Amino acid sequence: MDQTGQAPPGLSSTGGSIVQQRNEAIQAAAQPIGDGGLLAQLTGNPFFTAGFGLAGLGVGVRVAQRGLRRGADLLRRRMLVEVEITRKDDSFPWFLNWMHLHQKAQLRPSAASGSGFVESFLRKLTPGIRHHSIETEIVQHSNGAINTHFTLVPGPGQHVLRYNNAFIFVNRVRESKTLDRETGLPWETITLTTLYSQRHVFEEIFREAHAYVEKATEGKTTLYRPDVASWAKLGEPRRKRPLSSVVYDKGVKERIVEDVKDFLSSSTWYYDRGIPYRRGYLLYGPPGTGKSSFIQALAGELDYDIAILNLSERGMTDDRLNRLLTIVPKRTLVLLEDVDAAFSNRRQTDEDGYRGANVTFSGLLNALDGVASTEERIVFLTTNHVERLDEALVRPGRVDMTVRIGELTRYQVICLWERFYGELDTTGSYQTAFLARLEQLGVIEDENGNKAEGSQSTSAAALQGLFLYNKGNMEGAIAMAEGLTYRLHE
């Protein structure tokens, strides 16, 4: 101390320096755990231990959750199996229709299964479909009439299905923000989930769903028409027309059918030689000779459908035509009717191309056999005026067989008479009288193949109309024979 009795700067009132106090604190912190160091102080702090315990608990919970999630995924992969169906797949509408019919039949008690206790118990466990969607189909018939059909199908959401005592979870998901480019409809998927041990039921379900579709169209021919950038059904499927119902001159029909069947059985031959596997046919002749009827009968004979293209349709362009021919449904004949009408103004050109048609002539040629044209395709072209067609269209490779369907012949008259009056004209006397009358009118040739001077002609369609009008009346048909004739225009 100084003379005033106060401690000098840097010294405490107790006589120790600040430096000495700091050294003592450092030594205290460096003491062992057993001597009450920093770790002992932290563990002795209740706030610290509580926070550390909560953090450890959180980590433990997260680890447990991750383990449970991985375990659940592993269990799911081991015990469950899933099947996904997208809207673009053909089985998408098949399954929805089948599920609705299956659930409806399953929840309806039957005499065969209603008496069993197990079946009755399972029926009570099977929930019905609570959320439905309406599938609306607008059918436009060839005569212009329009019918609308409504079908209830399982709607978006989760459903439970029981099939052969296997429970299947069905999840239909609709993506409202994603649209299908072809149809413009929302993108949808259906996911089916069941036990891995029951995975065989999926094949049985889709086989049964396809059988429903085949049964609905059994013995029928479906007609398609262009719809924006895809194909749509034209009316209800029609009953298959027998090939025998179309009467051509002797050997004409058989020659076409034989060629088509030979083509369908020669795919390997075409591929081995690098030849495009497609075939084109041109049927030409006067109106009413049965060109379109034959194509319909041929489709029934081959169990094919028909896709009808009108090149003069409003909105039909080269790109659209090419796309439509690229996505033709399987086992479908393509029919281009009155192909000459679309290019009647072909030679009147300007800087933008050909006038008078939305589809250009070059666009049709490229669609038929261009680089982008598809294979495994059969195309039929029909026309009443073959002289109007350009040689580039009917050359081999685009049109492989050209057949003229001509006017009514003696052979056709006999065949049609037998069909309509064969059971009534047991002696054949009326048939002979009818043939003699047509020979006299110059409509058909005689037995030697000669025709009278100033000969006239008619079509098989006109003769069939006469027979329909005189159904069961042979004398009336003979009396009205003169009404069949018309003068041929060269």
Side-chain angles (χ1 to χ4, degrees), residues 221 223-226 231 243 246 248 252-271 273-285 289-299 301-302 304-313 316 318 320-343 346 357 359-405:
T221 301
L223 303 183
Y224 294 97
R225 63 174 178 83
W231 293 95
L243 195 60
V246 180
Y248 282 168
V252 175
K253 176 177 61 177
E254 292 75 11
R255 184 161 59 96
I256 303 174
V257 175
E258 181 181 357
D259 187 86
V260 173
K261 290 184 176 180
D262 178 72
F263 168 76
L264 293 176
S265 62
S266 303
S267 58
T268 304
W269 187 91
Y270 276 80
Y271 292 136
R273 289 158 179 79
I275 302 174
Y277 185 51
R278 46 180 176 259
R279 196 77 170 163
Y281 298 86
L282 173 64
L283 306 183
Y284 72 96
T289 52
K291 297 182 288 294
S292 300
S293 299
F294 168 73
I295 296 171
Q296 183 179 349
L298 177 64
E301 174 73 12
L302 301 174
Y304 268 51
D305 296 323
I306 304 175
I308 303 175
L309 265 175
N310 182 4
L311 300 180
S312 301
E313 178 183 337
M316 184 66 69
D318 291 347
R320 187 182 176 205
L321 173 64
N322 194 37
R323 173 167 178 76
L324 288 172
L325 289 179
T326 302
I327 58 172
V328 173
K330 295 181 179 179
R331 299 185 64 85
T332 300
L333 305 177
V334 180
L335 172 58
L336 278 69
E337 291 189 302
D338 300 326
V339 67
D340 60 287
F343 307 104
R346 180 199 168 202
V359 177
T360 64
F361 186 73
S362 60
L364 174 61
L365 299 183
N366 289 330
L368 290 178
D369 71 341
V371 176
S373 59
T374 57
E375 298 193 359
E376 299 186 19
R377 187 182 66 197
I378 301 177
V379 179
F380 277 88
L381 288 74
T382 66
T383 180
N384 298 332
H385 306 281
V386 68
E387 69 279 359
R388 297 178 183 175
L389 299 182
D390 195 288
E391 294 180 358
L393 178 61
V394 297
R395 72 160 176 79
R398 296 187 178 115
V399 173
D400 303 288
M401 176 179 283
T402 302
V403 180
R404 184 180 187 276
I405 311 300

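Just so you know, these numbers come straight off a predicted model, no measurement behind them.
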* Asked: Hey, mind stepping through Leu302 and Lys261 against side-chain contact (heavy atoms from CB on, under 4.5 Å) and telling me if it holds?
  -> CA-CA 8 Å; Leu302 301 174; Lys261 290 184 176 180; 4.0 Å; yes

* Which atom pair, heavy atoms only, marks the closest approach of Leu243 to Lys253? -> O-NZ, 3.2 Å

* Distance, nearest 0.5 Å, that separates CG of Leu333 from CD of Gln296 -> 11.0 Å

* Is Asp369 salt-bridged to Arg395, going by a charged N under 4.0 Å from an acidic O? -> yes

* Which atoms form the tightest heavy-atom contact between Arg398 and Ala392, and what is the distance? -> NH1-O, 2.6 Å

* Taking atom CD of Glu387 as the centre, report whether more than 12 heavy atoms of other residues, nucleotides or ligands fall under 6.0 Å from it. => yes

* Donor-acceptor under 3.5 Å (Asp318 side chain, Thr360 main chain) -> yes

* Structure fact -> With Phe294 as partner, the option from Thr289, Val257, Ile405 fulfilling side-chain contact (heavy atoms from CB on, under 4.5 Å) is Val257

* To do: Could you tell me which residues satisfy ring-ring contact (aromatic ring centres under 6.0 Å, His included) with Tyr277, sequence neighbours excluded, listed by chain and number?
  => Phe263, Tyr270, Tyr271

* Interatomic distance, Tyr284 atom OH to Arg404 atom CZ [nearest 0.5 angstrom] -> 6.0 Å

* Asked: Of Asp340, Leu335, Val339, Leu336, which meets side-chain contact (heavy atoms from CB on, under 4.5 Å) against Thr382?
  -> Leu335

* Asp262 side chain to Glu258 backbone, donor-acceptor under 3.5 Å -> no

* Side chain Arg377, main chain Leu368, donor-acceptor under 3.5 Å -> yes

* **Atom of Met316, atom of Leu309 and distance for their closest heavy-atom approach** => CE-CD2, 3.8 Å

* **Exercise: identify the closest heavy-atom pair between Ile306 and Ile295** => CD1-O, 3.9 Å

* **Charged N-O contact under 4.0 Å between Glu337 and Lys291** => no

* To do: Look up atom OG1 in Thr402 and atom CG in Leu283, then write down how far apart they are to the nearest 0.5 Å.
  => 9.0 Å

* To do: Hey, could you give me the CG/CG distance between Leu321 and Leu311, rounded to the nearest 0.5 Å?
  => 6.0 Å

* Asked: How far apart are the closest heavy atoms of Ala307 and Thr332, and which atoms are they?
  -> N-CG2, 3.4 Å

* Asked: What distance separates Arg255 CZ from Met401 CE, expressed to the nearest 0.5 Å?
  -> 5.5 Å

* **Pairwise distance CD(Glu376) to CG(Leu264) - rounded to 0.5 angstrom** => 10.0 Å

* To do: Evaluate side chain to side chain donor-acceptor pair (under 3.5 Å) for Tyr281 paired with Asp259, printing each intermediate quantity in order.
  => CA-CA 10 Å; Tyr281 298 86; Asp259 187 86; 2.4 Å; yes

* Structure fact -> Closest non-hydrogen contact found for Val260 with Leu298 is CG2-CD2, 4.1 Å

* Asked: Under a 4.5 Å cut-off applied to non-hydrogen side-chain atoms, are Tyr224 and Val328 in contact?
  -> no

